[in-house]
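Here's the structure, in structure tokens; my notes come after.
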Amino acid sequence: MPAEGKSDMERIGLFSEMGYVTIGDKYVSHYMRPFNEAASKNRQMLPGGTKTLSALQAGYFEPQFVRIFDGEAYSNPVQLRRRYRLAESKKNLGKAFLPSNGDKLPCGLGSYYGTIGGPYAYFSPQLKAKERYIPPGKNFYTNPGKKGTGYGYANLTIGEQYPHEPDGYDLERINAKKAQEEHKRLVKGGPFKLNLYPQEYFDMNPYFNDKPLPPVKKPPPEKPIAPPFKPSSPAKKVRGMKGGTFDPYPSHSADPYVITKSRAVTTNKERQIFHPPPGPKSRPVTSIITLNVSRSLNVKNYKTAQLTSY
């Protein structure tokens, strides 16, 4: 046990507390601390001041105006094109190709000069003999159409009028009900249920129950509540300002202020403070999630590990 204070086992549950790296370092406050301390010390870069916009050389970085084509020879584009054509013409093996006969140009409107087929034969304006036109026969005669659209009008169709069929109110629902009753009459038993089909551990509906519900319990009859008791007349206040008490206030008792003496700390014969024996102490514990991760993901299976969902 150390001379003063508690041991490392009592404080943090370890035999010896590890040493710290920053013991003895000066404290540096981060409050109002400059971002760049070197910017506020020694001399900084001093520019030459602002310059006004002008056409003088003082407004540029270079002392002299630097030209792009300084010292470059002048080139004539026309002469360069001629030299290029001469160099290309030297690549020809012979003279330029000329066709044997050029295209024929027409001399005017209606001229066949230069065409392939020549002129066409003369078209006579006389009409050719045609056969006599025989008109087709007359159309099929019918009676004129009767007025009306056919819906709601009698004797307007080709055949006889359809007989009237009664259409009761809500006839589809009545027919469906009859068909359902006929189906129930033909069914001989209930639906087939197989108990060997695997079921889930928890039902989708937690309130579902195959057993019939018990009969509804009738609530017990309510007992009539008795009216509250009301005295015939309220209590009378006692004279003499006793605050509603039967007896008067007690007499004042003297309570002098006395300073209590502090008790000395219990020590043993060697004048040392007594410390009770320490109980079981806690120490840093690895969490359950970290343990499960370490067990499921290790050096041997980290390449083939798969995510498991619950």
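The chain is numbered in sequence order, starting from 1. Atoms considered below: every heavy atom in the structure, side chains included; atoms not considered: hydrogens, waters and symmetry mates.
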Atom pairs and distances, side-chain donor-acceptor, residues 129-139, under 3.5 Å, sequence neighbours left out:
none

Between [X] and [Y], which heavy-atom pair has the shortest distance, and what is it?
X: Asp25; Y: Val21; value: OD2-O, 4.4 Å
X: Leu80; Y: Ser75; value: CD1-CB, 4.4 Å
X: Glu17; Y: Arg11; value: OE1-NH2, 2.7 Å

Among residues two or more places apart or on two chains, list those pairs meeting salt bridge (charged side-chain N to carboxylate O under 4.0 Å, His left out) that have a residue in residues 86-96. Glu88-Lys91
Here the salt bridge (charged side-chain N to carboxylate O under 4.0 Å, His left out) pairs for residues 179-192, sequence neighbours left out, are Glu182-Arg185
Residues which pass side-chain hydrogen bond (donor to acceptor under 3.5 Å, both in side chains) with Arg173, listed by chain and number, not counting sequence neighbours: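 Applying side-chain hydrogen bond (donor to acceptor under 3.5 Å, both in side chains) to Arg173 gives Asp170.
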Using a 6.0 Å cut-off, check whether atom [atom1] of [X] has over 12 heavy atoms from anything other than its own residue.
X: Leu93; atom1: CG; result: no
X: Arg82; atom1: CZ; result: no
X: Ile288; atom1: CD1; result: no

Output all residues satisfying side chain to side chain contact (heavy atoms under 4.5 Å, CB included) with Leu171, sequence neighbours left out; order by chain, then residue number.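 Leu171 satisfies side chain to side chain contact (heavy atoms under 4.5 Å, CB included) with Asp167, Asn175 only.
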Thr286: what forms a side chain to side chain contact (heavy atoms under 4.5 Å, CB included) with it, not counting sequence neighbours? Thr290, Leu291
